[in-house]
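Following: one structure in structure tokens, then a few remarks.
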Amino acid sequence: MADYDFDYFVIGGGSGGVRSARIAAGHGARVGLAEEHRVGGTCVIRGCVPKKLLVIGAHFAEDLVDAERFGWTVGDKNFDWKTLQKNVLAEVERIEGAYHNTLENQDVKIFKARAVLKDAHTLDVGGKTITADKILIATGARPGTFPCEGSELAITSNEVFHLEKLPKSIIIAGGGYIANEFAGIFNELGAKVTLVQRSDKLLRGYDHSMVERLMHISTVKGIEILYNAPFEKIEKTEGGGVKVSLGNGDVREADILLAAIGRPPNTENMGLETVGVKLNDRGAVCIDEDFRTSVDNIYAVGDVTDNVQLTPVAIREGHALADTLFGDEAWRPEYDCIPSAVFSHPPIAAVGMTESEARDQLGGVEVFTSDFRAMKNVLANRNERSLYKLIVDSANGKLVGAHMIGPDAPEIMQSLAIAVKAGLTKKQVDATIAIHPTMAEELVLMR
Ligand SMILES: Cc1cc2nc3c(=O)[nH]c(=O)nc-3n(C[C@H](O)[C@H](O)[C@H](O)COP(=O)(O)OP(=O)(O)OC[C@H]3O[C@@H](n4cnc5c(N)ncnc54)[C@H](O)[C@@H]3O)c2cc1C
Ligand SMILES: NC(=O)c1ccc[n+]([C@@H]2O[C@H](COP(=O)([O-])OP(=O)(O)OC[C@H]3O[C@@H](n4cnc5c(N)ncnc54)[C@H](O)[C@@H]3O)[C@@H](O)[C@H]2O)c1
């Protein structure tokens, strides 16, 4: 091996990069990692973690109302955005510190700088020339922006965690994960929320019954949803807010416009073209099954490959790659049955095929549903129904999909995903005795 500064140099200190660097170092590799923003990446700094904490914080709005039906006198309820924000950002800082420590304990050398490839083994890292035998691109993705006049007036998920004050009204562009999660957060916190989707469907990829139920509950809770409404023009109002003109003729004004319209990969101005790393038509790094790019010693994992933009996927990929390159055993992540969740109010969770996918792809399908009101909602007089759906392949009785909307659905789904991934049959699920009284018992009681 030539005399390089590092055996492995990781560009990007997010979910995939940090895991890969740590595991490779554990196998004895000399590892360097460059992070231009903050170690932890999107998930820790401005994604999953602060988002989930806001979801939890926002849900107290309902819990405090419901508490009275359970005998509690709550008194005056006041919400202070700054307190929640300060505590959330402090927690983010704590986790960032823990990531730093973990890397340093494994002797990973951290460079707090942007890395740019100069040739297949040479990088410019904040003005320093560094060489490495193998290089990992784990640069993630960034919020997409509008192709329309006034798009610079929109904020993105990067800024939403740092708002000076809670908006009284907010327009959210997009109908995916981030749009629905932040619609729930701001609505619970008392803002007037308008969700604007350019097509006629929200949360593409999720089972239509779950999406319909969420739309119904969101609308009842006061979220306005506009469909088939592409953005045509965005203007500033005299009061400092935004006015949006939409393709369906609607015009709306609000304090803030949040763009949540997908996340293109971070592949620009990094020297990838110079070095010959091939990108696809969406600007994502093309890789083979072992994460190798078109350049032999350069690899890529996570959002930058635009495969499945989820933290556990990036982590699994980074881990598999480090074991394969520097450990004793090569392995590949399994991409079938990836469970996922939308942390809306209430949340949706899913694994495996949707009903329509199963009907398209399988000879025969049996569908079992349970449509019920959680015990807590019944006593609280909250007319919010949960919906669970199991999809079974009639040919062999195997569970091929599970879908849920309701309190704690993501927590419950993680366990059920094991059954779907393991290819258990509905009969085996039914043979399991219920835990009573729970919401999850519905899963073993559907007949
Ligand atoms: C608001 C929001 C909420 C989310 N919620 C969830 C959730 O609940 N569950 C879930 O599973 N996923 C969630 N995600 C997605 C998740 O955050 C990503 O899938 C995950 O972070 C991808 O990890 P990664 O390592 O590929 O990239 P990232 O975590 O984005 O890390 C890439 C890092 O590379 C750095 N970088 C980029 N270019 C360079 C360069 N040239 N030099 C040095 N450093 C560079 C960036 O600063 C960044 O820190 C959410 C995303 C967002 C935006
Ligand atoms: N709970 C989670 O696991 C979670 C949470 C947040 C984000 N994420 C990940 O991050 C990714 C990015 O999230 P996201 O919500 O930005 O993307 P998304 O892909 O979930 O949704 C993008 C939405 O924007 C719409 N859109 C696209 N271009 C548009 C335009 N020009 N004008 C108006 N609407 C437009 C699309 O129709 C779609 O509804 C997700 O795909 C997901 O993988 C995961």
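Every number for a ligand or one of its atoms is a count from 1 in the order of the listing. Because the structure is a prediction, the values reported are computed rather than measured.
Taking every heavy atom of Leu310 and a limit of under 4.0 angstrom, the matching atoms of ligand 2 come to 3 (O), 44 (C). Under a 4.0 Å criterion applied to the non-hydrogen atoms of Ile11, ligand 1 contributes the atoms 40 (C), 41 (N), 42 (N), 43 (C). Here is the list of ligand 1 atoms found below 4.0 Å of a heavy atom in Phe343: 8 (O). Close approach to Phe343 involves these atoms of ligand 2, each under 4.0 Å from a residue heavy atom: 1 (N). The Gly302 neighbourhood of ligand 1 comprises atoms 26 (O), with distances under 4.0 Å to a heavy atom of that residue. Annotation for ligand 2: atoms under 4.0 Å from non-hydrogen atoms of Ala260 are 16 (O), 22 (C), 23 (C), 24 (O). Shown in contact with Gly140 at under 4.0 Å from a heavy atom are these atoms of ligand 1, numbered in order with element: 26 (O), 27 (O), 30 (O), 32 (C). Taking every heavy atom of Ser157 and a limit of under 4.0 angstrom, the matching atoms of ligand 1 come to 1 (C), 53 (C). Which parts of ligand 1 touch Ala34 is read off a 4.0 Å heavy-atom cut-off, strictly below it: atoms 43 (C), 44 (N). Near Arg263, meaning under 4.0 Å from any of its heavy atoms, are these atoms of ligand 1: 53 (C). Within ligand 1, counting atoms from 1 as listed, the ones closer than 4.0 Å to a heavy atom of Asp303 are 18 (C), 19 (O), 20 (C), 22 (C), 26 (O). Of all the atoms in ligand 2, the ones that sit under 4.0 Å from a non-hydrogen atom of Ala341 are 1 (N), 2 (C), 3 (O).
In Glu35, the parts holding a heavy atom less than 4.0 Å from any atom of ligand 1 are both the side chain and the backbone. By the criterion of a heavy-atom distance under 4.0 Å, the side chain of Lys51, and not its backbone, is placed next to ligand 2. Of all the heavy atoms of Ser199, none lies under 4.0 Å from any atom of ligand 2, so neither backbone nor side chain is involved. Contacts of Tyr177 with ligand 1, taken as heavy-atom pairs under 4.0 Å, are absent altogether.
The nearest protein atom to atom 33 (C) of ligand 2, hydrogens excluded, is given as Ile261 CG2, 3.7 Å; this is a heavy-atom distance. Atom 41 (N) of ligand 1 has its closest protein heavy atom at Ala115 O, 3.0 Å. The nearest protein atom to atom 45 (C) of ligand 1, hydrogens excluded, is given as Glu36 CG, 3.7 Å; this is a heavy-atom distance. The protein heavy atom nearest to atom 25 (O) of ligand 1 is Gly16 N, 2.8 Å. Looking only at protein heavy atoms, the nearest one to atom 16 (C) of ligand 1 is Thr311 OG1, 3.4 Å. Of all protein heavy atoms, the one lying nearest to atom 31 (O) of ligand 1 is Gly14 CA, 3.3 Å. Counting protein heavy atoms only, atom 31 (N) of ligand 2 is closest to Pro147 CD, 3.7 Å. Nearest to atom 37 (O) of ligand 2 among the protein's heavy atoms is Gln197 NE2, 3.2 Å. Annotation: atom 41 (O) of ligand 2 to nearest protein heavy atom, Tyr177 CD1, 3.9 Å. Among protein heavy atoms, the minimum distance from atom 21 (O) of ligand 2 is reached at Gly176 CA, 3.3 Å. For atom 28 (P) of ligand 1, the closest non-hydrogen atom of the protein is Thr42 OG1, 3.6 Å. For atom 15 (C) of ligand 1, the nearest non-hydrogen atom of the protein is Gln309 O, 3.8 Å. Here the heavy atom of the protein found nearest to atom 11 (C) of ligand 2 is Gln309 OE1, 3.4 Å. Among protein heavy atoms, atom 12 (C) of ligand 2 sits closest to Arg263 CD, 3.5 Å.
The heavy atom nearest to atom 37 (C) of ligand 1, out of those in Thr139, Ile315, Ile178, is found in Thr139. When the options Glu181, Lys201, Arg198 are ranked by their closest heavy atom to atom 32 (N) of ligand 2, first place goes to Arg198. Closest heavy-atom approach to atom 13 (O) of ligand 2 among the candidates Ile178, Thr145, Ile348: Ile178. Around atom 32 (C) of ligand 1, the closest heavy atom drawn from Cys48, Gly12, Cys43, Ala138 belongs to Ala138.
Polar contact with ligand 1: present for Lys51 (N/O pair, distance under 3.5 Å). Below 3.5 Å of separation, one finds an N or O of Gly175 facing an N or O of ligand 2. Checked by distance only, ligand 1 and Pro312 stay at 3.5 Å or farther apart across all their nitrogen or oxygen atoms. By the 3.5 Å distance cut-off applied to N or O atoms, Gly47 is not counted among the residues near ligand 1. At least one N/O-N/O distance between Gly262 and ligand 2 falls below 3.5 Å.
In this structure, Phe111 and Phe9 have tilted ring planes: the angle between them lies in the 30° to 60° band.
The distance from atom CZ of Arg142 to atom OG1 of Thr267, rounded to the nearest 0.5 Å, is 6.5 Å. To the nearest 0.5 Å, the span separating CD on Glu232 from CD on Glu149 amounts to 10.5 Å. Atom NE2 of His162 and atom CD of Glu159 lie 8.5 Å apart (nearest 0.5 Å). Taken to the nearest 0.5 Å, the OH atom of Tyr177 stands 13.5 Å off from the CZ atom of Arg204.
Remark: the backbone N or O of Thr354 is paired with a side-chain donor or acceptor of Glu357 at under 3.5 angstrom.
Judged by the shortest distance from any of its heavy atoms, Ala113 lies inside the 4.0 Å radius around the atoms of ligand 1. Proximity of Arg142 to ligand 1 is not established, as no heavy-atom distance is less than 4.0 Å. In this structure, Arg46 counts as a contact residue of ligand 1, since one of its heavy atoms falls inside 4.0 Å of the ligand.
Side-chain atoms of Tyr299 and Ser20 form no donor-acceptor pair, as typed in the model, at a separation below 3.5 Å. A side-chain donor from one of Tyr206 and Ser340 sits under 3.5 Å from a side-chain acceptor of the other.
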Hey, mind stepping through Phe231 and Phe146 against ring pair (Phe, Tyr, Trp, His ring centres under 6.0 Å) and telling me if it holds? CA-CA 8 Å; Phe231 280 73; Phe146 292 107; 4.7 Å; yes
Determine, step by step, whether Phe182 and Phe343 satisfy the ring pair (Phe, Tyr, Trp, His ring centres under 6.0 Å) criterion, reporting the C-alpha distance in whole Å, the side-chain angles of both residues, the deciding distance to 0.1 Å, and the verdict. CA-CA 9 Å; Phe182 279 94; Phe343 294 97; over 10 Å; no
Using the rule given for side chain to side chain donor-acceptor pair (under 3.5 Å), can you reason through Asn105 versus Thr102, listing the C-alpha separation, both sets of side-chain angles and the distance that settles it, and then say yes or no? CA-CA 5 Å; Asn105 290 343; Thr102 308; 5.8 Å; no
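Salt-bridge formation is detected for the pair Glu384/Lys221: a Lys NZ or Arg NE/NH1/NH2 atom is positioned less than 4.0 Å from an Asp or Glu carboxylate oxygen. Ion pairing between a basic and an acidic side chain is recognised when a charged N comes within 4.0 Å of a carboxylate O; Glu289 and Arg332 show such pairing.
Annotation for Ser370 and Glu442: closest pair OG-OE1, 2.7 Å, computed over non-hydrogen atoms.
With Arg30 as the partner, the salt bridge (Lys or Arg N to Asp or Glu O under 4.0 Å) test is satisfied by one option alone out of Asp3, Asp133, Asp7: Asp7.
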